[in-house]
Amino acid sequence: MSACLTFALPIILHEIIALDERQAVAIGFMVSLITNFFLQRLYVFRNRTNLLQQAILFLGFSVLWRLGEYWLFLVSLDQGLHYITALIIILSSSTALKFALCKWVIFGQKQPEP
């Protein structure tokens, strides 16, 4: 859901509402950040303890992560990539790593024993 939201919202904002692609992607990243916390906390990792601690960790981690993704997006645009191509490359390359970090660091699930 997160990838769909992060990908689709900027396209809707840019293509239908005619918002600048940089602003559309920034808004999409922010909306996704907020949505991700609650969806991951309640449904993916099924964790209902330490709300404040998890929110602070998640917010700090996600803001830095999204800033990195956004910086890569801007660099990609400056290099001449179409904004949709840039989004696909950036989002697909960061998804697995971000999921693992959220699972083991923010929501505290232990790594499986070998």
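- Cluster membership for Val75 and Leu64, using ILVMFWY side-chain heavy atoms within less than 4.5 angstrom, is not shared.
- Of the inter-residue distances, the one linking Leu72 atom CG with Ser94 atom OG reads 9.0 Å to the nearest 0.5 angstrom.
- Of all the heavy atoms in Glu69 and Phe29, the pair that sits closest is CB-CE2, 3.8 Å.
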task = Verify side chain to side chain contact (heavy atoms under 4.5 Å, CB included) between Val25 and Leu13, making sure each step is shown before the conclusion.
result = CA-CA 8 Å; Val25 169; Leu13 292 173; over 6 Å; no
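- His14 places no side-chain N or O within donor-acceptor distance of the main-chain N or O of Ala24, the cut-off being under 3.5 Å.
- The two atoms that bring Arg22 and Leu74 nearest to each other are CG-CD2, 3.6 Å, heavy atoms only.
- What you find for Phe7 and Leu87 is that their closest heavy atoms are CD1-CB, 4.0 Å.
- The main-chain N or O of Leu81 is never found under 3.5 Å from a side-chain atom of Thr85 such that the two would form a donor-acceptor pair.
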request  = Determine, stepwise, if the pair Ser76 / Ile89 fulfils side chain to side chain contact (heavy atoms under 4.5 Å, CB included).
outcome  = CA-CA 10 Å; Ser76 299; Ile89 292 169; over 6 Å; no
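- Closest approach of Tyr83 to Glu15, counting heavy atoms only: OH-OE2, 2.7 Å.
- When atom types are taken as modelled, the side chain of Ser32 and the backbone of Gly28 share no donor-acceptor pair closer than 3.5 angstrom.
- Annotation for Ala86 and Phe73: closest pair CB-CD1, 3.9 Å, computed over non-hydrogen atoms.
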task = Show your reasoning for whether side chain to side chain contact (heavy atoms under 4.5 Å, CB included) applies to Ile11 and Ile16.
result = CA-CA 8 Å; Ile11 292 172; Ile16 296 173; over 6 Å; no
